[in-house]
2 protein chains.
Amino acid sequence: MGSIGEGRTPKATSAKAASAKAASAVRGGNPTRKQEKEAAIASASCGVFGREGYARASIDALAAEADISTRTLYNYFPGGKAQLFQAVVTWTSAEVRDAQIARISSLLDPARPPRPEDLERDLVALAHALVRLMTDYPDHFALVRHIHAEADHVPPEVLQAWKEAGPGPVIRAFAKAMTGLADAGLIDVHGDAAMASTHFMALASHAIVQSTHYGVVPLPEAETDHVIKGGVAAFLRAYQRR
Amino acid sequence: MGSIGEGRTPKATSAKAASAKAASAVRGGNPTRKQEKEAAIASASCGVFGREGYARASIDALAAEADISTRTLYNYFPGGKAQLFQAVVTWTSAEVRDAQIARISSLLDPARPPRPEDLERDLVALAHALVRLMTDYPDHFALVRHIHAEADHVPPEVLQAWKEAGPGPVIRAFAKAMTGLADAGLIDVHGDAAMASTHFMALASHAIVQSTHYGVVPLPEAETDHVIKGGVAAFLRAYQRR
DNA sequence: TCAAAAGTGCAACGACCGTTGTACTTCAGG
DNA sequence: CCTGAAGTACAACGGTCGTTGCACTTTTGA
């Protein structure tokens, strides 16, 4: 009772035939006109879902935010709210994942490892960049919070798709970067690069997330810097090769 | 539009006169019969709010879980759903806070600091105990996740009350324990005991929270142990006095 | 035992919401 | 200009939900 796929459904909407047209053109070149509009709707809906959550987000509000009528919304997403939600999750997750991986690989490019004397400065910059993403994409992180909270109500398929499209690749990219730093002799990964990257994320973001309520409260810049510097310092004490 | 205090309210329920009777007997001795029942209702409602979230949790479900009629629920909480929610938050937060502080002060009692050779074992035991609380009080942590997600919709007063009654004292107790360890010469807090305790919590719980979805997924015991041992090892590399 | 207090079942009200059908408008492309 | 597709406005249906009033029953305490 109360899962995301089973809200009000007067005539048992068949949620099949969802990704039929999509697969036809996703292979060839640029996206269809239809796909562009779907992405635009998903982008606009992200804010509403993030602010209100799935249950509170009303179709009217979603359509209004996308500047379309509720009827056209159903034309694009015959599966209704549930299908739109899934589209929003995959769309915003892909966007933020790309941004995160870009920050990680530009600052921790395993091909051009930073010099030892620059390591701390680079890690601090990376942590700042990752934290800044939280304020750059507030709707996305609000949505992720709702996913965490309503994990029981999100269809497992959506949950799995999100993990694969979002945090998964980020963690892998981070682990690869850590391996690069280890191979360059800058850090000692103590046998587990994945754990090292998790620990970096934990030290860099946990305290920030805690005090800023996931980026909602605008922590003063000075304090953010203090927390990040402290986290990076602890990470280096634990992982820097001496 | 859509805050927790302003759901369906046919006749503009006056949410005043909430803590009138309460203050009369909260000073003197043991709790009133009424207060006991209120606590029982809050305890039962915690599961529903945690599983469903505020929006989805229906009055009928809440009353059923507490084995009372909806009408009696309104007799105890004239403020309706919103007031009940606040009661649940403060009640469960206090319960879990006490449990957490008990674990912290029993294992890191600053009066009887552990011997250096036991430090790692004790910290691992503490981390295990703290993680186990997540599975011991699943309803509470589910509720906290919803609070995080719906922070915008929770009245600031409730949010503040929760922080003061829940995480606040825990962090302070942890910082005090860290100071004790530092005074005993076991760790070097690097000038910021609060940050050290935050880093311990981050290293001990972040990875667990990540992989178990806040304790929902029952991570195999072996993996939990591995993650915790890795986190404590990293913490000691960063903070143990050598 | 008996009166007061506490609790219950039931019905109803008003409001909101997801979804769909239908008739009407807008607009691009031949 | 014409035609077909895309979009919209509007109304309606079935449903859920929070809340309250009322008559009735159960429990409690002296």
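So you know, we letter chains A, B, ... as the sequences are listed, proteins then strands, and number each from 1. The shown structure was predicted, so the numbers you read here are calculated from the model rather than taken from an experiment.
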Under 3.5 Å donor-acceptor, B:Lys81 side chain and B:Ile4 backbone
no

So, is A:Tyr76 close to the D:dA6 phosphate, meaning a side-chain N or O under 4.0 Å from OP1 or OP2?
no

Please check the phosphate of C:dA6 (OP1 and OP2 only) for any side-chain N or O of B:Lys37 closer than 4.0 Å.
no

From CA spacing to verdict: side-chain hydrogen bond (donor to acceptor under 3.5 Å, both in side chains), B:His153, B:Ser3
CA-CA 4 Å; B:His153 301 288; B:Ser3 276; 4.8 Å; no

Atom-to-atom span, [atom1] of [X] to [atom2] of [N] - whole angstrom:
| X | N | atom1 | atom2 | value |
| --- | --- | --- | --- | --- |
| A:Phe77 | C:dT20 | CZ | C1' | 18 Å |
| B:Ile68 | C:dT8 | CD1 | P | 7 Å |
| A:Leu73 | D:dA9 | CG | C1' | 15 Å |
| B:Tyr54 | D:dC17 | OH | P | 14 Å |
| B:Glu38 | C:dA6 | CD | P | 12 Å |
| A:Ile59 | D:dG15 | CD1 | C1' | 15 Å |
| B:Lys34 | D:dT28 | NZ | P | 16 Å |
| A:Asp60 | D:dC10 | CG | P | 13 Å |

Answer with base, sugar-phosphate or nothing: what part of the nucleic acid does B:Ala57 contact at a heavy-atom distance below 4.0 Å?
sugar-phosphate

Nucleotide nearest [X] when distance is taken to its side chain, options [options]:
| X | options | answer |
| --- | --- | --- |
| A:Asn75 | C:dT19, D:dT19, D:dT8 | D:dT8 |
| A:Lys81 | D:dG7, C:dG18, D:dA9 | C:dG18 |
| B:Thr72 | C:dT19, C:dT8, D:dG18 | C:dT8 |

Do B:Arg71 and D:dG21 have a side chain to base donor-acceptor pair shorter than 3.5 Å?
yes

Can we say B:Arg145 and A:Glu150 salt-bridge, meaning some charged N sits less than 4.0 Å from an Asp/Glu carboxylate O?
no

Side-chain ion pair, B:Glu65 and B:Arg51, N-O less than 4.0 Å:
yes

Do A:Thr72 and A:Ser69 have a side chain donor and acceptor closer than 3.5 Å?
yes

